[in-house]
Chemist: 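First the structure, then my questions, so here it is.
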Amino acid sequence: MKIVTYTREGKTYLGRLEDDRVYMTNWTEDLMSLMQRGIKPERTSLHYPLEDVKLEASVRPGKMFGIGRNYAAHAAELANDVPQKPLIFGKFINSVIGPNEAIRWNSSDTSQVDWEGELAVIIGRRARNVDEADAYKYVFGYTIANDISARDLQNSEPQWARAKSLDTFCPLGPCIVTRDDIPDPHTLTIVTTVNGEVVQNSGTDLMIFKIPFLIAYLSRAFTLEAGDVILTGTPSGVGAGMNPPRFLQNGDLVSVTIDGIGTLTNTCQVEA
């Protein structure tokens with residue numbers, strides 16, 4: 001099942017995405033309430049063409065955990081060692097935007113804005129001290145993330161908070177695919193394009209730390225709640241790893257596609 005949050009005529013609803021149509025559901029509350037109650041929404045007969053609605057961010061998380069250098073080739077392209085344990089950082093809620101919204105930054109803050117296409121895991125219920133063997137029971141579903149990063153800030157500051165959490169630096173979407181529709185999230189392909197050019201093309205099977213391990217590891221340190229998001233890391237092909245380095249520019253169109261989920265597309269806007 002593909003679940004979307006969409007806005008039409010000034011009102012926001014929970015819907016089901018099927019092909020190029022969005023169906024209104026029988027659930028009248030928000031996504032968080034749905035997850036907390038463990039309910040799957042049923043579709044109604046009322047539907048709209050996809051182009052007639054505005055898709056919002058697939059989830060508004062309480063907490064977002066990024067996992068750095070979780071693909072060996074990505075660590076290598078940035079001349080970093082492969083981590084011996086998950087490298088965890090946080091992203092703030094102000095960074096979340098939806099499909100087709102603009103990734104914005106001020107030219108006085110950063111000039112090295114980079115893309116990072118990733119598979120995102122959405123937690124479905126409270127999790128604390130989870131066994132790895134039980135980890136998938138706590139997953140509500142999956143979506144696509146673009147972990148936008150200001151490399152000049154990341155390289156000049158000991159903490160990554162500013163580099164990773166500037167406003168608009170975490171597009172999420174276009175939908176949530178429920179766990180039962182992706183029985184093995186380590187068989188997916190991630191493709192990122194910039195202005196139609198493929199820059200990342202890799203498989204989630206190459207993650208160093210797999211999703212059950214990450215959930216178990218995180219839940220020993222933090223209580224995970226419904227709606228929390230884990231960004232599972234980006235594969236190789238980021239702009240900072242190119243020779244010469246390449247960064248996003250005003251007007252660029254960046255898209256991340258993961259088979260079985262869809263495509264997340266955003267424009268870039270540099271503010272004076």
Side-chain angles (χ1 to χ4, degrees), residues 1-64 93 96-101 118-127 130 134-145 170-189 204 211-212 215 219 223-232 256-266:
M1 180 186 301
K2 291 184 175 181
I3 298 174
V4 295
T5 300
Y6 70 95
T7 298
R8 179 177 166 83
E9 297 178 345
K11 295 184 178 180
T12 300
Y13 307 92
L14 208 62
R16 286 178 51 170
L17 179 62
E18 298 183 14
D19 298 321
D20 59 351
R21 293 186 175 274
V22 174
Y23 287 80
M24 182 176 283
T25 68
N26 62 350
W27 184 254
T28 58
E29 299 179 49
D30 61 10
L31 175 66
M32 204 65 67
S33 301
L34 181 86
M35 287 190 288
Q36 289 169 342
R37 293 181 61 179
I39 294 173
K40 287 189 177 180
E42 295 297 328
R43 78 175 201 184
T44 67
S45 59
L46 183 61
H47 61 271
Y48 307 100
L50 184 57
E51 62 267 21
D52 287 354
V53 305
K54 179 183 182 295
L55 294 184
E56 306 293 346
S58 50
V59 62
R60 302 290 297 181
K63 300 188 292 294
M64 283 192 292
I93 186 63
V96 173
I97 58 173
N100 304 311
E101 292 188 63
E118 308 194 10
L119 175 67
V121 180
I122 302 169
I123 298 299
R125 60 191 178 99
R126 178 172 289 185
V130 171
D134 296 327
Y136 283 124
K137 297 177 183 178
Y138 295 86
V139 173
F140 179 76
Y142 305 92
T143 192
I144 301 172
C170 192
L172 292 174
C175 64
I176 298 171
V177 178
T178 51
R179 182 186 69 212
D180 53 329
D181 278 356
I182 300 182
D184 185 355
H186 297 105
T187 60
L188 307 176
T189 300
T204 55
I211 289 168
I215 292 172
S219 74
T223 298
L224 305 179
E225 304 283 359
D228 286 352
V229 169
I230 303 170
L231 311 182
T232 57
V256 184
T257 300
I258 298 181
D259 47 297
I261 301 178
T263 298
L264 171 65
T265 297
N266 298 89

Chemist: Is the closest side-chain heavy-atom distance between Ile3 and Phe140 below 4.5 Å?
Modeler: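 Yes, at least one pair of side-chain atoms sits under 4.5 Å.
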
Chemist: Are any side-chain N or O atoms of Asp19 and backbone N or O atoms of Arg21, one a donor and one an acceptor, separated by less than 3.5 Å?
Modeler: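 Such a contact is absent between Asp19 side chain and Arg21 backbone.
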
Chemist: Flag the pair Leu46 / Tyr23 as yes when at least one side-chain heavy-atom distance between them is below 4.5 Å, and no otherwise.
Modeler: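 When only atoms from C-beta onward are counted, Tyr23 and Leu46 do not touch, as no gap falls below 4.5 Å.
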
Chemist: Roughly how far apart are Thr223 OG1 and Ile123 CD1, rounded to 0.5 Å?
Modeler: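 These two atoms lie 12.0 Å from each other.
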
Chemist: Less than 4.5 Å apart, side chain to side chain, heavy atoms only: is that true for Arg60 and Thr5?
Modeler: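 Of all side-chain heavy-atom pairs linking Thr5 with Arg60, none is under 4.5 Å.
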
Chemist: I'd like to know if the side chain of Asn266 and the backbone of Gly98 have a donor-acceptor N/O pair within less than 3.5 Å.
Modeler: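 Answer holds: yes.
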
Chemist: Before you tell me yes or no, could you show the steps for Leu55 and Asn100 under side chain to side chain contact (heavy atoms under 4.5 Å, CB included), namely the whole-Å CA-CA distance, both residues' side-chain angles and the distance that decides it to 0.1 Å?
Modeler: CA-CA 8 Å; Leu55 294 184; Asn100 304 311; 5.8 Å; no

Chemist: Given Arg16, which of Glu42, His47, Lys40 fulfils the side chain to side chain contact (heavy atoms under 4.5 Å, CB included) condition?
Modeler: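 Option passing the side chain to side chain contact (heavy atoms under 4.5 Å, CB included) with Arg16: Glu42.
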
Chemist: Is there a donor-acceptor contact under 3.5 Å from the side chain of Thr143 to the main chain of Leu172?
Modeler: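 Not a single qualifying donor-acceptor pair exists.
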
Chemist: Mind checking whether Tyr136 and Ile211 have side chains closer than 4.5 Å, heavy atoms only?
Modeler: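 Yes, at least one pair of side-chain atoms sits under 4.5 Å.
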
Chemist: If you define the side chain from C-beta out and look only at heavy atoms, does anything of Val121 sit under 4.5 Å from Pro185?
Modeler: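 When only atoms from C-beta onward are counted, Pro185 and Val121 do not touch, as no gap falls below 4.5 Å.
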
Chemist: What residue among Ile261, Thr263, Ile176, Thr265 forms side chain to side chain contact (heavy atoms under 4.5 Å, CB included) with Ile144?
Modeler: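 One option only clears the test, and that one is Ile261.
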
Chemist: Inspect the contact between Glu56 and Lys54 and indicate whether a charged nitrogen and a carboxylate oxygen are less than 4.0 angstrom apart.
Modeler: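 Looking at Glu56 together with Lys54, the answer is yes, because their closest N to O distance falls below 4.0 Å.
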
Chemist: Are more than 12 heavy atoms, taken from residues, nucleotides or ligands other than Arg8, located less than 6.0 Å from that residue's CZ atom?
Modeler: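 Correct, the count exceeds 12.
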
Chemist: With no hydrogens and no angle check, is any side-chain donor or acceptor of Asp228 less than 3.5 Å from a backbone partner on Lys63?
Modeler: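 Judged by distance alone, yes, a pair lies under 3.5 Å.
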
Chemist: Hey, are the side chains of Leu231 and Cys170 touching, using non-hydrogen atoms and a 4.5 Å cut-off?
Modeler: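 Of all side-chain heavy-atom pairs linking Cys170 with Leu231, at least one is under 4.5 Å.
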
Chemist: Evaluate the side-chain proximity of Asp20 to Pro49: yes if any heavy-atom separation is below 4.5 Å, no if none is.
Modeler: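 Not touching, per the 4.5 Å side-chain cut-off.
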
Chemist: When rounded to the nearest 0.5 angstrom, what is the spacing between OH in Tyr142 and CD1 in Ile122?
Modeler: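 The distance works out to 10.0 Å.
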
Chemist: Can you check whether Leu224 reaches Tyr138 side chain to side chain, under 4.5 Å on heavy atoms?
Modeler: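 A side-chain contact is absent here, since even the closest heavy-atom pair is not under 4.5 Å.
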
Chemist: Do any N or O atoms from the side chain of Asp259 and from the backbone of Leu188 form a donor-acceptor pair under 3.5 angstrom?
Modeler: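 Flag not set: sc Asp259 to bb Leu188 has no pair under 3.5 Å.
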
